[in-house]
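Accompanying notes for the structure given below.
These figures come from a predicted structure and were not determined experimentally. The first residue of the sequence shown is numbered 1, and numbering continues consecutively from there.
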Amino acid sequence: MNVTVFGTGYVGLVQAAVLAEAGNKVVCIDIDADKIARLQRGQIPIYEPGLEPMVKNSVATGNLSFSTDAALGVGHGELIFIAVGTPPDEDGSADLRHVLAVATTIAEHMECKKYIINKSTVPVGTADKVRAAVGDTLARRDRAALAFDVISNPEFLKEGSAVADCMRPDRIVIGTSEWDSEQKLRHLYAPFNRNHEKILVMDVKSAELTKYAANCLLATKISFMNEMANIADRVGADIEAVRKGIGSDPRVGYHFIYAGIGYGGSCFPKDVKALISSAKQWGLNADILTAVESRNQQQKHYLADKISGHYQGDLRGKALALWGLSFKPNTDDMREAPSRVLMERLWAQGAAVRAYDPEAMEECRRLYGDRGDLELCNTKEEALEGADGLIIATEWQQFKALDTGAVKAALKAPVLFDGRNQYEPEEMRQAGFHYYCVGRPDIHTA
């Protein structure tokens, strides 16, 4: 099928690459000429496992191309995906300017029926706004008779496993009331729907709400466990034992019930705020989601408070090794990352940071530039050299097996602040560490 994707960000690029890999002819359109030029040279702007070879292979076969020419894209695609950003406004609501700009652009150039597919995460009612934008533009062109449909097809990708999620989706939600639109999408997704039926067809507004509901529920589970971890801290319980106790109940399950230092990224924070804002517009108070957001913001300060407490509030002249900058493993994304709050707290108290991350070093440099209290190290071992303590902020696989002897030898003092509960407190006690974690008993050695 001939497919056009507007937007070469995280969602658009992954979706385009996977559809091209399946044999479709896909054109990606973006207004960022520099990004398009880099993609045409084979330079992938984001880190996502498996994405780069897939893009390069599809470009080589002719199934995938990149352009800034919107007219070319509209002319090419029978199915046109809108996969542009919806950044939060000051009030937390989703900014739909880019989505509606693409809708208008499609209408300015279309000459035959188009199936317009909202892939961006958008509030309930956005399809109606896209439909109105397209209809108004066609009317101004005196082409109101041109047929089109607007379909909601939300993405459910996890950063760090987005290609796999796209190739082997848990579900494919199609929001439409038009039979021919449903059939077009069924045909497009047939290669990914062979093992068992994954397609869920529903009305457009239900599809739009499904995406927000999914992300907000996952964020709620994380904030709930972090709240339980704080209670465990106060009463002397172990949140890991609690996690196993409640996770064994099949109604709860083990997914997304790990305590830590808060969620980040491009989805959960934005979507929780956007749904809170939408609820207000509908005359509702989203009390649970407001609490989820509040807990998450507080949780990002949890480890900084423990660090400050260990050093009795005086961090001047201290240097802390930091392992992990991205908000989660297998990505270079630092948007809303807990590491950012942590570093900024440390700097404000006079400490320096020696940081290492397998993928997010360049992103950190882009965000903070060159500063005397931040050293970006080439290896995790280098980050330890001369540091007063070690902080774990991201649960990268390479951090899980800790060489306690080597770490202890490299640090000025055996102090470890574990924001992801990677290690067992008793093992840290035996290794002679002062060990601070989340919702588990802290270990203090002589």
Side-chain angles (χ1 to χ4, degrees), residues 86-96 120-126 152 154-159 170-171 173 175 200 202-235 237 239 242-302 305 327-328 335-338 341 419-421 438-439:
T86 54
D89 274 339
E90 291 182 4
D91 63 354
S93 62
D95 184 345
L96 298 178
S120 302
T121 300
V122 293
V124 176
T126 298
S152 176
E155 54 85 15
F156 298 96
L157 308 181
K158 300 184 292 294
E159 289 195 45
D170 297 318
R171 72 282 207 196
V173 172
L200 302 171
M202 58 188 71
D203 64 275
V204 171
K205 289 184 177 179
S206 295
E208 290 172 331
L209 184 56
T210 294
K211 168 62 179 180
Y212 275 112
N215 277 357
C216 289
L217 178 57
L218 295 174
T220 299
K221 293 182 75 172
I222 294 170
S223 281
F224 175 82
M225 282 307 291
N226 285 335
E227 189 105 300
M228 293 302 104
N230 292 343
I231 293 173
D233 260 349
R234 293 298 179 91
V235 302
I239 195 63
V242 174
R243 180 185 68 82
K244 294 172 184 176
I246 65 175
S248 60
D249 185 332
R251 296 171 300 175
V252 177
Y254 290 104
H255 293 296
F256 277 80
I257 58 169
Y258 289 88
I261 51 175
Y263 57 77
S266 63
C267 295
F268 288 4
K270 176 173 69 72
D271 293 352
V272 169
K273 292 171 187 173
L275 195 51
I276 291 170
S277 178
S278 292
K280 288 180 181 177
Q281 294 173 17
W282 303 323
L284 298 171
N285 291 321
D287 296 332
I288 292 175
L289 295 181
T290 300
V292 168
E293 164 67 8
S294 175
R295 166 46 48 209
N296 192 57
Q297 291 303 320
Q298 294 175 59
Q299 200 68 16
K300 291 180 180 181
H301 291 271
Y302 178 99
D305 291 339
F327 84 95
K328 64 180 289 188
R335 284 174 288 185
E336 302 271 355
V341 174
R420 298 299 179 184
N421 288 350
V438 183

Checklist entry - Checking side chain to side chain contact (heavy atoms under 4.5 Å, CB included) for the pair T86/T126: CA distance, chi angles, key distance, verdict? => result CA-CA 11 Å; T86 54; T126 298; over 6 Å; no
Checklist entry - What's the verdict on side-chain hydrogen bond (donor to acceptor under 3.5 Å, both in side chains) for S266 and E159, showing C-alpha distance, side-chain angles and the deciding distance? => result CA-CA 9 Å; S266 63; E159 289 195 45; 3.1 Å; yes
Next on the checklist: As a quick check of understanding, evaluate side-chain hydrogen bond (donor to acceptor under 3.5 Å, both in side chains) for S223 and E227, giving each step before the final call.
Outcome noted: CA-CA 6 Å; S223 281; E227 189 105 300; over 6 Å; no
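Taken to the nearest 0.5 Å, the OG atom of S93 stands 11.5 Å off from the NZ atom of K273. Within the model, atoms OG of S152 and NZ of K205 stand 12.0 Å from one another, a figure rounded to the nearest 0.5 Å. Separating the CZ atom in R234 from the CD1 atom in I231 is a distance of 10.0 Å, to the nearest 0.5 Å. Taking CZ of R243 as the reference point, atom OH of Y258 lies at 4.0 Å (rounded to 0.5 Å). Within the model, atoms CG of L217 and CG of L289 stand 10.0 Å from one another, a figure rounded to the nearest 0.5 Å.
Applying the side-chain hydrogen bond (donor to acceptor under 3.5 Å, both in side chains) rule to pairs touching residues 245-255 yields D249-R251, sequence neighbours excluded. Listed by first and then second residue, the side-chain hydrogen bond (donor to acceptor under 3.5 Å, both in side chains) pairs that reach into residues 277-293 are E293-Q297, sequence neighbours excluded.
Heavy-atom minimum distance, I246 versus V252: O-CB, 3.4 Å. Here the shortest heavy-atom pairing between Y263 and P269 reads CE1-N, 3.8 Å. Between N296 and G262, the closest heavy-atom pair is OD1-CA, 3.2 Å. The minimum heavy-atom distance linking N215 with C267 is given by the pair ND2-CB, 3.8 Å. Annotation for V272 and A219: closest pair CG2-CB, 3.8 Å, computed over non-hydrogen atoms. In terms of heavy atoms, A232 sits closest to I239 at CB-N, 4.2 Å.
In this structure, the side chains of F156 and V173 come closer than 4.5 Å at one or more pairs of heavy atoms. At least one side-chain heavy atom of T121 sits under 4.5 Å from a side-chain heavy atom of K270. A 4.5 Å side-chain heavy-atom check between F268 and I222 finds at least one atom pair inside the cut-off.
A donor-acceptor pair is defined here as one N or O able to donate and one able to accept, closer than 3.5 Å; no such pair exists between the side chain of E208 and the backbone of V122. Counting only distance, with no hydrogens or angles, the side chain of K211 and the backbone of D271 share no donor-acceptor pair below 3.5 Å.
Judged as a ring pair (Phe, Tyr, Trp, His ring centres under 6.0 Å), and not counting sequence neighbours, F327 has no contacts.
Counting only N and O atoms by type, the side chains of Q299 and N230 include a donor and acceptor under 3.5 Å apart.
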